2 protein chains.
Amino acid sequence: MKKPDNEPKPDNQTEKCLRELRSRIISGQWPGATKLREVPLATDLDVSRTPLRAALLKLEQEGLLERSGAGYTVRAFSFKDALVAIELRGMIEGMAVRLAAERLNIGDHLTAIKATVAALDTVVQQEHTDGYGDLNKLFHDQLTALAGNDLIRDEVQRASRLPFAAPSAFSSSKDDYERFKESLVVGQQHHHALLQAIERGEGARAEALAREHAHLAKINIEVAFKVRAEKLHHMPQLALITD
Amino acid sequence: MKKPDNEPKPDNQTEKCLRELRSRIISGQWPGATKLREVPLATDLDVSRTPLRAALLKLEQEGLLERSGAGYTVRAFSFKDALVAIELRGMIEGMAVRLAAERLNIGDHLTAIKATVAALDTVVQQEHTDGYGDLNKLFHDQLTALAGNDLIRDEVQRASRLPFAAPSAFSSSKDDYERFKESLVVGQQHHHALLQAIERGEGARAEALAREHAHLAKINIEVAFKVRAEKLHHMPQLALITD
DNA sequence: TTGTGAAATAATGTATACATGAAAAAGCCT
DNA sequence: AGGCTTTTTCATGTATACATTATTTCACAA
């Protein structure tokens, strides 16, 4: 089996392009359907066209860009797309945790993730939410690894690639703090229940929990979308969504 | 919404590399973990390194290759991987048909796919199975388009990318013809039921049918795998699977 | 005025030379 | 002899010039 991605990630020009392009796309500085021209972009990013093209190709596979004849355009997402993406992630994550629950001796592999959940417990009890996003991401990464299958792990990772579909996409909220804090408490209860279900070999329950957990993200994005105008600067992910 | 991919696909060097490399990988002529070197490959394929690298990058995203330090290696799949991939496709396809069933006035969009099912009816009644694979692929393509959402359509397409996960992966069988013919009959019944469920707005039923339909593919691959040695030359997809 | 066509323009596609880094080989020391 | 360091070699990463193809623009005719 493939190792859990401990690659140090080479810091080459292609990575630089990827980081910068992702950031620009997500920030919404390119309105949907903007055509990206290679030469000006390369000049702007201070790299040659070769690594830039490699980055563009990757972003196309990620679904953030799409070809339009010759060249790429920024992909525009609808609100419905965001809901579909989140539900999709929930489904695939659900399959992953079901497989984990069906594994023999899964208990032996739960040490690390239990520590993460414990750390999340303390964060949720805090008065602020600092560090929640990172820990939550770690939890979900560890969760998908529990299935013990590279294919399903990769697919969950992929389903989380869109900025609004990731588990920690809306894990901070300046406004409406109380409501958000409650959703964190519920989410954390899901985390505990998820682990318990996996440990007990309750595959169907684990799968249902993963889906419900994703549903929580759906609710969060729906709330966020309603007050979109005011929140745009807090949640750049929303800039990608056009209707 | 994006158009249903009527792009004529430019016939450039990158496409040539993709075709050739896919064919070589699937045929199993490179044992798992074979390192691919760019320069010899480029010479062999009679292209420069630039389009070759583009093709390699795409195949990495497809999951047929993986990076190993510097350079690519052919990804090896286990039997479990194949089962997971098929079930995954069934799940995602299931979500797609559920969305289709939940659409208003979906009946207006069923003309083309009904024609495909009718064509499949005649093929299934034949004494041979010529043309089944192509028609079946067409049916599934049209099916995923019914959801009316580019994101879910793209994801179903992606879930079908692995040679053993595609809907028509094992749609021919020289040996054990009778058993295989029966599975075709059952599969075709699924097709009819799927359309009926979508037309009537029975989302849950449509989803369940899509999953069961994928399960049929699982059974087929299990049977095929048991007699793998004799069938390798008929089913090159199996060469990818190592244990 | 609008449609069609061809020519001009500008973009992406490709090849190749060079830079950089990693892996392999050789030599040295212990 | 074995293991470590150094050097060499070779593969990938990058830049850029050139080829090809797509797009735009302008002219001309219906």
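These figures come from a predicted structure and were not determined experimentally. Lettering follows sequence order; numbering is per chain, from 1.
When rounded to the nearest whole Å, the span between CD of A/E15 and P of D/dG13 equals 11 Å.
For the ring pair (Phe, Tyr, Trp, His ring centres under 6.0 Å) test, residues two or more places apart in sequence or in another chain that qualify with B/F139 are B/H191. With sequence neighbours excluded, no residue satisfies salt bridge (Lys or Arg N to Asp or Glu O under 4.0 Å) with A/K35. The salt bridge (Lys or Arg N to Asp or Glu O under 4.0 Å) search around B/R24 returns B/E20, B/D44, not counting sequence neighbours. Partners of B/R103 according to the side chain to side chain contact (heavy atoms under 4.5 Å, CB included) rule, which considers only residues two or more places apart in sequence or in another chain, are B/I106, B/H109. A/V47 is linked by a side chain to side chain contact (heavy atoms under 4.5 Å, CB included) to A/Q13, A/K16, A/C17, A/L45, A/P51, A/L52, counting only residues two or more places apart in sequence or in another chain. B/T50 is linked by a side-chain hydrogen bond (donor to acceptor under 3.5 Å, both in side chains) to nothing, counting only residues two or more places apart in sequence or in another chain.
Among pairs with a residue in residues 51-60 of chain B, those fulfilling side chain to side chain donor-acceptor pair (under 3.5 Å) read B/E38-B/R53, at least two apart in sequence or across chains. For residues 107-117 of chain A, the pairs satisfying salt bridge (Lys or Arg N to Asp or Glu O under 4.0 Å) are A/K114-A/E199, with sequence neighbours left out.
Nucleotides of DNA chain C lying under 4.0 Å from heavy atoms of chain A occupy a range whose first and last members, 5' to 3', are C/dA11 to C/dT14.
Side-chain atoms of A/R161 come within 3.5 Å of backbone N or O of A/E62 as a donor-acceptor pair.
Contacts with DNA chain C (heavy atom under 4.0 Å) in residues 37-59 of chain B: B/V47, B/S48, B/R49, B/T50, B/P51, listed by number.
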Just distance, no hydrogens or angles: give the donor-acceptor pairs under 3.5 Å from side chains in residues 89-101 of chain B, sequence neighbours left out.
{"unit_1": "B/R89", "atom_1": "NE", "unit_2": "B/A165", "atom_2": "O", "d": "2.5"}
{"unit_1": "B/R89", "atom_1": "NH1", "unit_2": "B/E93", "atom_2": "OE1", "d": "3.0"}
{"unit_1": "B/E93", "atom_1": "OE2", "unit_2": "B/H140", "atom_2": "ND1", "d": "2.6"}
{"unit_1": "B/R98", "atom_1": "NE", "unit_2": "B/E207", "atom_2": "OE1", "d": "2.6"}
{"unit_1": "B/R98", "atom_1": "NH1", "unit_2": "A/E87", "atom_2": "OE2", "d": "3.1"}
{"unit_1": "B/R98", "atom_1": "NH2", "unit_2": "A/E87", "atom_2": "OE2", "d": "2.7"}

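For the helix from C/dT1-D/dA30 to C/dT30-D/dA1, the rotation axes defined at the first and last 5 base pairs enclose an angle of 20°, given to the nearest 10°.
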